[in-house]
Structure formats: structure tokens, C-alpha cells
2 protein chains.
Amino acid sequence: MKNMSRQADHRDKQQPDTQARILNAAEMLFAERGYAATSLRAIASAADVNLAATHYHFGSKKHLLSTVFHRRIDPINEARLAGLASLKAASQPLTTRSIMAVFFGPLRSEAVVSHLPRMLGRVFSEPETISRPILEEQFMEVASAFLTELNAVHPDVTRSELQWRLHFVIGAMVQLLLIGTPLGTEPGRENPEDGLEHLLDFCVAGIEQPGHETGREELP
Amino acid sequence: MKNMSRQADHRDKQQPDTQARILNAAEMLFAERGYAATSLRAIASAADVNLAATHYHFGSKKHLLSTVFHRRIDPINEARLAGLASLKAASQPLTTRSIMAVFFGPLRSEAVVSHLPRMLGRVFSEPETISRPILEEQFMEVASAFLTELNAVHPDVTRSELQWRLHFVIGAMVQLLLIGTPLGTEPGRENPEDGLEHLLDFCVAGIEQPGHETGREELP
DNA sequence: CGACAATTAAAACGGTCGTTTGAATGAAAA
DNA sequence: TTTTCATTCAAACGACCGTTTTAATTGTCG
């Protein structure tokens, strides 16, 4: 990892960019098996590069995961913040649905071309010490931006209450990214974008909680 | 693993039951680090037993995970089905909230005394080939029972639609079990049962989706 | 007591892991 | 051409993995 800006200057080799091949293979395998269960040898083999190349270009397995992660999540979070900004710039008033549609929107564009969805869901539930700090730090900015807008739409709900609801929104989102179609249904038959529509409906209802003032039973 | 019914006859030794110690240690470590990242040596060390004892009593690491898992999830699923049955036996008509309260209820009783919550959430997102079949097979029975009752309350919604909503319910539940309090909030200050109340509110609203007939925007 | 079975203990098995090393490669710079 | 240096390669390092083997220990019962 002595000088990484070299091969970016002229990328006309026989084999496509070694770094990108490693990143793609790592992304696929991390998504399929998780971090701990994926070996650098499996990554190097899938990328058809030498084992030492992974350390040469990325230094360590943890740093490789971090790079794989940021390569996908950074554009998504940028798109989320940009979408939120353009939504506020528009004339119509914001709604829970329009806010959450912006939140889930970036998941669609990348979903077809990469393994990000399952990768994201997998990393989100990794026990490794680096994954959670990265995730938390990276997610806090966009989360607080969306929380502020949701709070503007629901001024009668406390911010901490909305934090809980967004917490469950993320859980439902991870479930979709990680598992896909519901347990007991065979996957592959449905359009992958259908899941996002169901997710949006579910989360909008969960955030708005219109039945909140009705009487409730206690847990048994 | 030649004869497991022996030490159950008289458990009056100096050290508590070796099998139980292994199970408890395995449960704790699986919850903290996940399956792949937890070694049998770490389990044996935490349980203060010999390494070979893990294979003697449980045969393999996978079988140990299966045992740890079933020890906790079986009573929960039985409590769920029993709670659903007694709910149907009661005179009052079922509601979404009462059904989901029964669904989440068993998580409360065990939550204080064991590491099940995070363990469950961890196993739920493991890539290992045995965890998902176990999970799916074990969960399908209770899931379909609850789906049937939810469908009775919401006859206008298709069962496949309700499958999606229960899918997200599970995701939100796993999020609570795995992460706990929302990202950005310091844990430990709140009552752990508060999270279940927030979860119940969120999921009831998501299942009922009262705003479903209103106009919706497209994803950007 | 001695026989016996259940359990624990210690050591090693082959294998894979992340990481490091040092030499070969090959294109650009001089 | 010679020098230079980023990159690739094969090989090995020590450590740890799940599992197996073999022996020692323990408590029970004839």
C-alpha cells in the first residue's frame, strides 16, 4: 500500500484494475458469508489475484472491509442528503412518505448492479469491532438529518420517540436487504423493487402511528 | 456423546453441570461475537471445561449451536402458540395489538435472565448453512399460526401481503434484540422493556396500515 | 475390592487463517 | 540502455481452528 495513486493514472492493462477486482470479490463474499467467515484467500481466488495483493493494496482485512463498505455507503448517504435537500427545496410540504421515499430511494439504483444490499445488511449485524463504529459514525449524520425533518412533520412527537421509530425502520430495511422475500416464500419470483414498496408502506404507517391515541392492552 | 441421560439422574457435583456450563458460555459468546468468530476453545475456556468436553457432549460446533438455539427458542415458540390459543379462547375479539402483544410477550420473560435476545438476533443474521434452516423451520409454524389470526382480523388484506408485514415486524424485532436502543443514544439508561413497548406500537401501526388508501408518491 | 462405564484431561492431528518476506516482473523515466 | 519503482508472485511464518485420539480419572455397582 505504498502508493495507491499510480494505477489510476493509466488503467490500460490486460486485466482490469486489480484493486477493483479485489473490492468486487470481497463485496460479493462478505455479502454471502459475512466478514468472519470469509477468508482473504477466498477473496483473492475469486478475484483471480495473488493473495499478497490484498495486503499490498488494502493493508489488512479490516481495512478492506472498511473500503468495501465506504465505496457503496458513501454515495448512498450523499444521495439521501441530496434528495432530502431537493425535497425541502420543492414547493410541496414534506410528508412522512416523501421523506421515507427519499430515504429508501438510493437503495434502488445500486441494487441491480452490485451486492450492496445483502452486504450492507450483513455488515450491519457483524460482531466485529470495526464494523459498528464505521456504521454508527457514518449513519448518524444522515439519521439525524432525517430525524429533524420527520420531527418537523410530526411536531407533537418527541425526537427520542422518533429515534425509536427510525430504529425499527432500519431493522425492517435490514431485514429486506438481508433476507429478501419473507420466510416461507420462494424468492426470485417477485420484482426486487416490490419489496421496497412494501417496506415503504410499512414504515410510513409505523412512523405515523395514527392509532396511537386508542386504548392499548398490556403485554401478557 | 455416548449417553447424555446419565448426568441428569444425579446432579450433585462440586461444579455445576458441565453441559449447562458449556451451553451458557456458548450462548454468551455466540451472542457477543457471532458463530463464525467464536471458537470452541473460547467457549471451553469461558465455561472452564476441557476443550474435548465440547465435542464429547455436543459432537460438533454446529450441533452445539443448534442445541443452544433450541434451548431458548423452543419455549418461546411454545409460549407464543399457547398465548395465541388462550387469546382465542377468551371472549373478546382478537385485535392486531393483542396478537402482536402475544407475539412479543415471551421475549420479556427470558430477557432478563439470559443472553437470548442478542443471541437470537445474531443467529438470525448468520451466514452459516445450518442456522437458517433451523431458524426457518422452527419459525414457520408459529409464523403461519400468527399469520392466520392476523388474516382473520384483516380479511381484506391478502395473506401474502401480511407475510410482508410480518417480515418487517421480524426485522424490527431483530433490530431491537441485536442493537437495543437506537443508534446515537447511550444504552443502559432505559428500561429494556420500554423497547418492547415501542416495538409493539410501531408494528401494530405497520400491520394495520390505516393510511393505505391515500395517494402515495413514487420512489424517486 | 475389582469391574465397568461415564466423564475429564492432555496432547496431537491436519488444515486454514491473516500476515510477512524477498525475489521476479515489467513499464515508465533517465 | 540503464535505472527506477510500483506491482505481482511464490513461499513461508506463527497462530489458531475444529476434531480426534489416547490415557487418566471418577463414581457406581456386582
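Here is how names work: the chains are called A, B, and so on, in the same order as the sequence lines, proteins then strands, and each is numbered from 1. Just so it is clear, the structure is predicted and the values come from calculations on it, not from any experiment.
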Inset, instruction - Would you please confirm or rule out a distance under 4.0 Å between OP1 or OP2 of C:dT7 and any side-chain N or O of B:N50? - result: no

Inset, instruction - Considering just the side-chain nitrogens and oxygens of B:T18, establish if one lies under 4.0 Å of OP1 or OP2 belonging to C:dT7. - result: no

Inset, instruction - Please name the pair of heavy atoms, one in A:R21 and one in A:D48, separated by the smallest distance, quoted to 0.1 Å. - result: NH2-O, 3.1 Å

Inset, instruction - Check whether any side-chain nitrogen or oxygen of A:H55 sits under 4.0 Å from OP1 or OP2 of C:dT21, and answer yes or no. - result: no

Legend entry - Distance-only donor-acceptor check, side chains B:R72 and B:N77, under 3.5 Å: no

Inset, instruction - Compare the minimum distances between each of D:dT19, C:dT20, C:dT19 and the side chain of A:L51, then state the nucleotide with the smallest one. - result: C:dT19

Inset, instruction - Choose from D:dA6, C:dT21, D:dT20 the nucleotide whose nearest atom is closest to any side-chain atom of A:Y56. - result: D:dA6

Legend entry - Side-chain N or O of B:S39 closer than 4.0 Å to phosphate OP1/OP2 of D:dC16: no

Inset, instruction - Determine which bases of DNA chain C form Watson-Crick or G-U wobble pairs with both distances under 3.5 Å, and write the result as a 5' to 3' dot-bracket string with | for other-strand partners. - result: ||||||||||||||||||||||||||||||

Legend entry - Nucleotide of D:dC17, D:dA12, C:dA6 approaching A:R41 most closely (side-chain heavy atoms): D:dA12

Legend entry - Residue pair A:T54 / A:R41, side-chain donor-acceptor N/O under 3.5 Å: no

Legend entry - Presence of A:H57 side-chain N/O under 4.0 Å of D:dT8 phosphate oxygens OP1/OP2: yes

Legend entry - Salt bridge flag under 4.0 Å for residues B:D201 and B:R97: yes

Inset, instruction - Determine the contact category for A:A53: base if any of its heavy atoms lies under 4.0 Å from a base atom, sugar-phosphate if only primed atoms, P, OP1 or OP2 are that close, otherwise nothing. - result: nothing

Legend entry - Side-chain heavy atoms of A:F104 within contact of A:V169, under 4.5 Å: yes

Inset, instruction - Just call it for B:S60: base, sugar-phosphate, or nothing, with non-hydrogen atoms closer than 4.0 Å on any strand. - result: sugar-phosphate

Legend entry - Nucleotide nearest B:K61 (side chain, heavy atoms from C-beta), chosen from C:dT7, D:dA10, D:dT19: D:dT19

